[in-house]
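For reference, the structure discussed in these notes is given below.
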Amino acid sequence: MTGGAAAPVAPDAPDRSRRGRRTLALVGNPNSGKTTLFNALTGLRQKVGNYPGVTVERKEGTLSLGDGVSFGLLDLPGLYSLTPASPDEVIARDVLLGYRRDTPRPDAIVNVVDASNLERNLFLTSQLLDLGLPVLVVLTMGDTAERRGVRVDAASLERTLGVPVRALANGRGSGMEAFRAALAALPDLPPPPSRRWRLPEIAEQEAEELSGLLQRHHDLAPAPAFAEAVALLATPENRSQDLQRWAAPIRAHVARDREVLHGAGIDVPMAVTEARYADVERIVRGAVQRAETPPVTVSDRLDRVFLHRFWGYAIFLGLMYVIFQAMFSWASYPADLISAGVDWLGGTVARALPDGDLEDLIVNGAIAGVGNTVVFLPQILLLFLFIALLEDTGYLARAAFLMDRLMSRVGLHGKSFIPLLSSYACAIPGIMATRTIESPRARLLTILVAPLMSCSARLPVYALMIGAFIPDVRVLGVFTLPALTLLSMYVLGTVAAFGMAALFNRTLLKGEAPTFLLEMPPYRRPSFRTVLLQMGERAWLFLRRAGTVILSITIVLWFLASYPKAPGASSSEQVRQSFAGRLGRAIEPVIAPLGFDWKMGIGLISSFAAREVFVSAMGTIYNVDEDSAEDEEKLTLSLGEKLRADVNPQTGRSTFTPLVAVALMVFYVLAMQCMSTVAVVKRETNGWKWPLFQIAYMTALAWVVTFIVYQGGRALGLG
Amino acid sequence: MKKEPRPPVCALGLTECGLDCLGRGQKARVCRVAGPNRQRLMELGFTQGTEVEVARRAAFGGPLEVRLRSYRLSLRKDEAGAIQVEAVS
Ligand SMILES: Nc1nc2c(ncn2[C@@H]2O[C@H](COP(=O)(O)OP(=O)(O)OP(=O)(O)O)[C@@H](O)[C@H]2O)c(=O)[nH]1
Ligand SMILES: [Mg+2]
């Protein structure tokens, strides 16, 4: 083998008696139902959603087919073609063609085809059939197709394509047993019959020559070699980085071919695409029956409203407001219940244990710390309920359409909307979702500003501050002040994200307007199961974090706040003298201009592990800071009440005021206080440069804006 | 292999313009595609002779929503402008 390090991993020789189990790969257009099928076949619970680009990673599961037959099954990101345009497509293509060292080339392809969108889906099928691997076609979305008056004849399709075709609905249905049998037989099937389309004669010859070179230099079998040759000839010149993995003689040949073909007036990409589509059109004509007049679908009717030039935007804003109002008002009852439960537990444990350090650690450290965080579970669940509904109905793609104009003004992308909206839940999946963005510049820009979107880990901080310091009064009749304040925090994060994107777009990352190509999925009724699973998954993650990260940090913090012991000192003096107190006081000069004292400083520092730790840190500090004599009464105070009661011994004024609370929330909106996000940004941008830049700019931004808010508020006499 | 008979497209070049010149609800046939996303647009189905319809245009000069090959795609005005079409009366 030649070609050095850039050569592809040698594809497996035709005999398939390799070590390890055989694998099948689910391949198909985005949003065609691959993950739904993957979950049904493997019993796993990968994320499903009604927009293109839900899956952005390779996932492997086990497919047990009975009789001791078991395969690996790969779920891949969606592909429109084998010439990838975005990072998620690169992943799918590389796995499929065996370019990745960590994944052996799959032994067969399960091609998921959306029956309601047959032509474009079969275009990819036409490419897959040329790869020399056995293919099974699965037709999904038969129900959607019927509603559009389209009926696909699987048997006829099977005859023309020469590979097995099976129809399934939602990864279930009566045909499932037969389908499993077909899967079991798939890897031993012969590869699909020979190519059904031809290039113009000169191009055909050049492709054959190139295919010969590929077979010689890279050990490719004839079918995949020819497919690769066509792909190489069709690769646009501005994407020549795709050529790097091939041996030098091949690169030279491609360059010469381009000249020859250009001279002959043959446009290979166009010739190939048109030949394939012409073939696909013939196949579809034979296999599809259409209603005389296509019915007006529900999706069409809904979009007349949801994408209306005026009402579309009004509804969008209204929806966003309803979500925030609901998060505040609906969540309060279960939150009160949890809070009462935590208090009861703390009280019971305190009575059961003898007074002393152990009691203090368990009651004030563990129970108060974790309990104060778990109280926010209902709000987090509601947030995820709404996000799951937006994703599963298909509204998310509409929102991206409506917001694209605004996005393009700041160099972002309509598709950036989806990662940014996911970042309201958590920046990590949000940043991963940027893999669907074709333009590297727009992708980087989205990654840089995504952590400014207010994530669910900030919610406990807002909720604590708002609950304690923002009076529950009605404004303008319909709004309540707490909900409005919460909404403002989300608006602030969003405005900051757009503003910073605009700034970077004009300075650091100048360039052309990125492309925006987004498929509009039909509306679908959200699946109860999908929504519940997603909420359950997030709830579990949140509780697990509370039980691990937050619990351990709280315990460490309890030690830091309780030692060294200052015998005879009052309990607030004790905290001041402790390790944590010293640390807090060390950074106090930096944060004092923002209205924060050293206790908040401790909270800010511990938030770097996870933002919601702020709440449990306050819980621990304010509980340790209590004279045991008076604590029977004080224990029953909520954390919010304790914060309100706290007085600065030097000035005699309250430590926390509504202005300080607002300043603190503003700081939390803008500051980068999340290790996991830093790690993900480093991975997605391949280096330390961008995550470090991001920490620097966000910290500076947070400090400056909070300073303006606090000092401005004081100048106006608000604090 | 024999070519399927196709209606002659874009032969006269009289009524040609970029896809972004069409109004809402107007139909056209694709002549040719240019620009940096040429290949992707062709793969998405904008091949010569394909019938396309502008389903709607977002407010404030935002993206267009286009129907082709019985699916819906939104794209920005710039990208739409790179697709030369011939209006169908
Ligand atoms: N009506 C109908 N909907 C389906 C069917 N199969 C899947 N869906 C829905 O189609 C949407 C997309 O499904 P996914 O499984 O996430 O699709 P995917 O191919 O994995 O999508 P990407 O990961 O984005 O490439 C979801 O809303 C599913 O609930 C089906 O047979 N009929
Ligand atoms: Mg998927």
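Note that this is a predicted model, so its numbers are computed, not measured. Residue numbers start from 1 in every chain, and the chains themselves are labelled A, B, ... in the order their sequence lines are given, proteins ahead of strands.
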ask   = Is there side-chain contact between Arg309(A) and Arg57(B), with heavy atoms separated by less than 4.5 Å?
value = yes

query = How far does CZ of Phe123(A) sit from CG of Leu44(B), to the nearest 0.5 angstrom?
reply = 9.0 Å

query = Among Glu89(A), Met403(A), Met407(A), Arg304(A), which residue forms the greatest number of heavy-atom pairs with chain B at distances under 4.5 Å?
reply = Glu89(A)

remark   = In this structure, CZ of Arg120(A) is separated from CD of Glu43(B) (nearest 0.5 Å) by 11.5 Å

message = For Asn29(A), which atoms come within 4.5 Å of any heavy atom of chain B: side chain, backbone, both, or neither?
response = neither

Side chain, backbone, both or neither of Phe310(A) within contact of chain B (heavy atoms, under 4.5 Å) = neither

ask   = Side chain, backbone, both or neither: which part of Arg398(A) has a heavy atom under 4.5 Å from chain B?
value = side chain

Nearest-0.5 Å distance that lies between atom CG in Leu64(B) and atom CZ in Phe401(A) = 7.0 Å

request  = Could you tell me the separation between the CZ atom of Arg40(B) and the OH atom of Tyr80(A), rounded to the nearest 0.5 Å?
outcome  = 8.0 Å

message = Using the rule given for salt bridge (Lys or Arg N to Asp or Glu O under 4.0 Å), can you reason through Arg38(B) versus Asp267(A), listing the C-alpha separation, both sets of side-chain angles and the distance that settles it, and then say yes or no?
response = CA-CA 12 Å; Arg38(B) 172 163 189 268; Asp267(A) 178 346; 2.2 Å; yes

key: Leu517(A) portion near chain B, given a 4.5 angstrom heavy-atom threshold   = both

query = Out of curiosity, Thr47(B) OG1 to Glu281(A) CD, how far, rounded to the nearest 0.5 Å?
reply = 6.0 Å

ask   = By a 4.5 Å heavy-atom criterion (distance strictly below it), what part of Glu519(A) contacts chain B: side chain, backbone, both, or neither?
value = both

query = Can you name the nearest heavy-atom pair linking Leu307(A) to Arg72(B), along with the distance?
reply = CD1-NH2, 4.2 Å

note = Nearest heavy-atom approach of Ser70(B) to Arg148(A) is O-NH1, 3.6 Å

note = What one should report as the nearest heavy-atom pair of Glu274(A) and Gln48(B) is OE2-N, 2.7 Å

query = Is the NZ or CZ atom of Arg69(B) both under 6.0 Å from the centre of the six-membered ring of Tyr277(A) and within 45° of that ring's axis?
reply = yes

key: Spacing of Leu402(A) atom CG and Phe60(B) atom CZ [to the nearest 0.5 Å]   = 10.0 Å

